[in-house]
Protein chains: 2
Amino acid sequence: MHAPQTRRERERLSRRNAILEAAQKEFADKGYAQAKLEDIAKRAEFGKGTLYNYFKGGKQGMLFASFDQLFDDSEALIHESFSNDIMGHKSFREVFYDYTLSCLTFYIDRKELFLILVKEAHLMCFGDDQKHAQYFRDRRDRLIDALSVPVRRAMDAGFLRTMDPLAVAHMILGNIEGIQIHAFLEGELQQKESESFAPEKAAHFLTTFLLDGLANKNHNHPNEVHLSDNAPHDSSHVQSYSDGI
Amino acid sequence: MHAPQTRRERERLSRRNAILEAAQKEFADKGYAQAKLEDIAKRAEFGKGTLYNYFKGGKQGMLFASFDQLFDDSEALIHESFSNDIMGHKSFREVFYDYTLSCLTFYIDRKELFLILVKEAHLMCFGDDQKHAQYFRDRRDRLIDALSVPVRRAMDAGFLRTMDPLAVAHMILGNIEGIQIHAFLEGELQQKESESFAPEKAAHFLTTFLLDGLANKNHNHPNEVHLSDNAPHDSSHVQSYSDGI
DNA sequence: TCGAAAAGTGACCAGTCAGTCACATTTATT
DNA sequence: AATAAATGTGACTGACTGGTCACTTTTCGA
């Protein structure tokens with residue numbers, strides 16, 4: 001049984017969170033290497049030495065606390081989105097769309113955490129420190145394992161093609177992240193608030209793209225005509241995710 | 001008319017290239033921020049101050065020379081892969097597969113350049129220096145513009161769904177890069193030379209995934225059954241790209 | 001051969017910054 | 001109220017590194 005928190009414990013946790021938030025903003029703004037403890041401390045309204053009271057690992061401790069947070073929440077989102085209850089009441093296409101939308105919204109709400117991950121993950125995965133690389137591998141594997149469960153169920157039910165579920169989960173996650181990165185980049189460079197990113201449209205585009213593919217149905221045959229032939233045109237139109245940008 | 005190079009010019013160029021190669025290895029190994037001019041100079045077998053003879057921009061000049069190289073070659077690869085001649089003689093699916101395979105092979109051959117891009121691009125795109133961010137945006141746009149031409153042609157011919165060609169080009173490039181990153185990560189972490197990455201399998205997987213999507217053909221209907229229904233199973237099997245890993 | 005130009009060198013320097021810790025302040029306990 | 005424990009501080013320090021430049025070496029042209 002977990003003992004109730006004392007006021008002191010709650011205050012300590014609150015101060016730790018304030019420092020962590022300040023760190024996340026600085027990491028997201030500047031990148032980890034360029035972010036300075038002086039700035040983080042100032043932003044959190046503490047002295048620089050105090051940061052070590054709350055994060056034994058110092059700067060790096062703050063970074064990995066941030067990654068933990070993002071990965072934990074991403075895993076929870078997968079479990080919630082593909083719960084047995086939901087999967088039993090909605091089509092996989094619907095559940096997939098909802099998950100994609102939730103995921104994009106999740107990233108938008110946690111833009112800073114997401115940007116930290118985007119900026120630092122590859123640096124570390126391909127870096128010299130094997131402990132860090134392994135950390136990302138492990139956390140990534142957990143996400144992919146979680147997503148591969150509903151993917152496998154959809155394959156067993158005949159909805160999805162029979163492919164390696166892990167590979168499919170990997171492609172799904174990668175595409176969601178990719179489109180979110182693109183959206184943030186567009187937002188950064190154009191700075192048009194009136195044309196903000198529409199996660200619904202993006203989720204719709206992704207669902208169609210990932211489930212149905214790019215090829216037109218009339219052309220999914222082994223004996224395909226060349227582009228120079230006068231093939232019949234299918235004018236099926238998919239609304240573009242970039243319409244709202 | 002370009003004057004023939006003198007021996008001195010050729011030697012100067014050769015030395016510049018040696019320095020650039022050494023820089024690329026260090027950037028790929030360590031990341032740009034952690035790579036040191038001292039190490040680059042030693043690797044190229046020059047004194048540190050000599051580097052500025054060949055790269056006025058110093059460390060950063062080497063980095064951007066590397067990016068230019070990678071982007072130039074990537075653009076050339078798109079133009080070659082989707083030339084009018086090739087497009088007139090092969091199906092789009094075949095051309096697409098060939099391009100995907102060429103691209104993967106290209107990245108494997110230029111692993112260091114690719115890793116530099118992977119490590120640094122997002123840091124810079126989301127960084128404070130607008131000039132750098134703009135550089136990547138411009139180069140990325142050029143790649144996407146180049147690829148959107150054949151994509152648009154395939155749409156006009158009815159092979160691909162009608163979507164925003166730029167968005168589609170973006171997804172194609174993103175997925176190729178994503179799968180290559182994954183392959184390098186797997187290779188880094190497992191270090192099994194006997195199970196090296198098979199670009200052919202990956203290209204095949206990507207072609208199927210991107211053109212045909214994940215959904216089984218029997219399920220591409222508006223009135224989809226739920227997963228709990230006893231839907232007929234289509235046992236179509238797609239060989240996984242991860243089989244060779 | 002000599003002087004000028006080109007090329008090369010690495011010690012030096014200024015600037016940077018994460019982590020440390022002696023000291024100070026605040027809070028809790030007796 | 002006095003003492004102990006908890007919390008906070010920022011000057012200091014050691015390590016680091018890109019860029020500079022006085023000096024050296026090599027190459028080239030007359």
Side-chain angles (χ1 to χ4, degrees), chain A residues 3-27 29-66 116 120 123-124 127-129 132, chain B residues 4-20 22-27 29-66 116 120 123-124 127-129 132:
Chain A
Q5 284 186 329
T6 64
R7 177 189 50 80
R8 291 192 68 180
E9 285 167 341
R10 289 195 304 273
E11 283 179 1
R12 189 170 174 85
L13 190 60
S14 165
R15 287 195 287 263
R16 187 181 191 272
N17 284 339
I19 292 169
L20 189 56
E21 273 188 42
Q24 282 163 5
K25 289 192 197 314
E26 288 295 316
F27 293 157
D29 282 351
K30 310 281 172 53
Y32 174 72
Q34 257 50 71
K36 290 178 287 189
L37 288 191
E38 187 74 50
D39 293 335
I40 292 170
K42 201 165 293 181
R43 202 168 204 166
E45 294 179 84
F46 282 107
K48 182 154 73 76
T50 309
L51 304 184
Y52 295 84
N53 279 357
Y54 295 87
F55 292 92
K56 282 293 167 275
K59 191 179 183 182
Q60 203 171 79
M62 297 175 207
L63 182 67
F64 278 88
S66 302
I116 296 170
E120 309 302 331
L123 267 177
M124 286 187 170
D128 288 342
D129 191 319
H132 292 163
Chain B
Q5 285 184 332
T6 63
R7 176 188 54 80
R8 291 192 68 180
E9 286 169 341
R10 289 197 303 275
E11 283 179 0
R12 191 172 169 85
L13 190 60
S14 166
R15 287 194 288 262
R16 187 180 190 274
N17 285 338
I19 292 169
L20 188 56
Q24 284 163 2
K25 290 192 198 308
E26 288 295 317
F27 294 157
D29 283 351
K30 309 281 173 54
Y32 174 73
Q34 256 51 67
K36 290 177 287 188
L37 287 191
E38 185 76 50
D39 293 336
I40 294 170
K42 201 166 293 181
R43 205 168 202 168
E45 295 180 83
F46 282 105
K48 185 155 72 76
T50 308
L51 304 184
Y52 295 83
N53 279 355
Y54 294 89
F55 292 91
K56 282 293 166 274
K59 192 181 186 185
Q60 203 172 76
M62 297 175 207
L63 182 66
F64 279 88
S66 302
I116 295 169
E120 308 304 330
L123 268 177
M124 287 187 166
D128 288 342
D129 190 319
H132 291 162

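Every chain is numbered from 1, with letters handed out A, B, ... down the list of sequences.
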Using OP1 and OP2 only, check whether a side-chain N or O of B:Thr50 sits under 4.0 Å from C:dT9. yes
When you measure from the side-chain N and O atoms of B:Arg8 to the phosphate of C:dA6, is any distance below 4.0 Å, counting only OP1 and OP2? no
Can you measure A:Gln34 atom CD to C:dC17 atom P for me and round it to whole angstrom units? 8 Å
Just to be sure I understand the rule, does A:Tyr52 reach a base, reach only the sugar-phosphate, or reach nothing, if contact means heavy atoms closer than 4.0 Å? base
Please determine, for the side chain of B:Asn53, which listed nucleotide (C:dG8, D:dG18, D:dG8) has the closest atom? C:dG8
Reading DNA chain D from 5' onward, which residue's closest nucleotide shows up sooner: A:Gly47 or B:Glu11? A:Gly47
Under 4.0 Å: is that the gap between some side-chain N or O of A:Tyr54 and OP1 or OP2 of D:dG8? yes
State whether A:Tyr54 and A:Arg12 meet the cation-pi test: NZ (Lys) or CZ (Arg) under 6.0 Å from the six-membered ring centroid, and within 45° of the perpendicular axis. yes
Whole-Å distance separating the OH atom of B:Tyr32 from the C1' atom of D:dT17: 12 Å
Can B:Leu63 and B:Met124 be said to form a side-chain contact (heavy atoms from CB on, under 4.5 Å), step by step? CA-CA 12 Å; B:Leu63 182 66; B:Met124 287 187 166; 3.3 Å; yes
If the cut-off is 4.0 Å, is B:Arg7 near the phosphate of D:dC28, judged by side-chain N/O to OP1 or OP2? yes
Between B:Ile40 (CD1) and C:dG10 (P), how many Å, whole number? 16 Å
Go through B:Gln24 and B:Ile116 one step at a time and tell me if the side-chain contact (heavy atoms from CB on, under 4.5 Å) criterion holds. CA-CA 7 Å; B:Gln24 284 163 2; B:Ile116 295 169; 3.9 Å; yes
From D:dG18, C:dT9, D:dG8, nucleotide with atom closest to A:Phe46 side chain: D:dG8
Name the residue closer to the 5' end of DNA chain D, choosing between B:Ala35 and B:Gly49 according to the nucleotide with the nearest heavy atom. B:Ala35
Rounded to the nearest Å, what distance is computed from the CD1 atom of residue B:Ile19 to the C1' atom of nucleotide D:dG18? 16 Å
Is B:Ala41 touching bases, backbone alone, or none of the nucleic acid, heavy atoms closer than 4.0 Å? nothing
Verify side-chain contact (heavy atoms from CB on, under 4.5 Å) between A:Met62 and A:Tyr32, making sure each step is shown before the conclusion. CA-CA 10 Å; A:Met62 297 175 207; A:Tyr32 174 72; over 6 Å; no
Residue A:Leu37, side-chain atoms from C-beta onward, closest of D:dT20, C:dA18, C:dG8: C:dA18
Base, sugar-phosphate, or nothing for B:Phe55, non-hydrogen atoms under 4.0 angstrom? nothing
Rounding to a whole Å, what distance do you find between B:Arg16:CZ and C:dG8:P? 14 Å
Which is more 5' along DNA chain C, the nucleotide nearest A:Ala33 or the one nearest B:Arg15? Just name the residue. B:Arg15
Nearest-angstrom distance from the residue atom CG of B:Asp39 to P of D:dC16: 12 Å
A:Lys30 NZ to C:dA18 P, in whole Å, measures 11 Å
How close or far is atom P of D:dG19 from atom CD of B:Gln60, stated in whole angstroms? 8 Å
A:Asp39 side, atom CG; A:Gln34 side, atom CD - distance, nearest 0.5 Å: 11.5 Å
Distance (rounded to the nearest 0.5 Å) between B:Ile40 CD1 and B:Phe55 CZ: 9.5 Å
If you check every side-chain atom of A:Lys48, which of C:dG8, C:dT20, D:dT7 has the closest atom? C:dT20
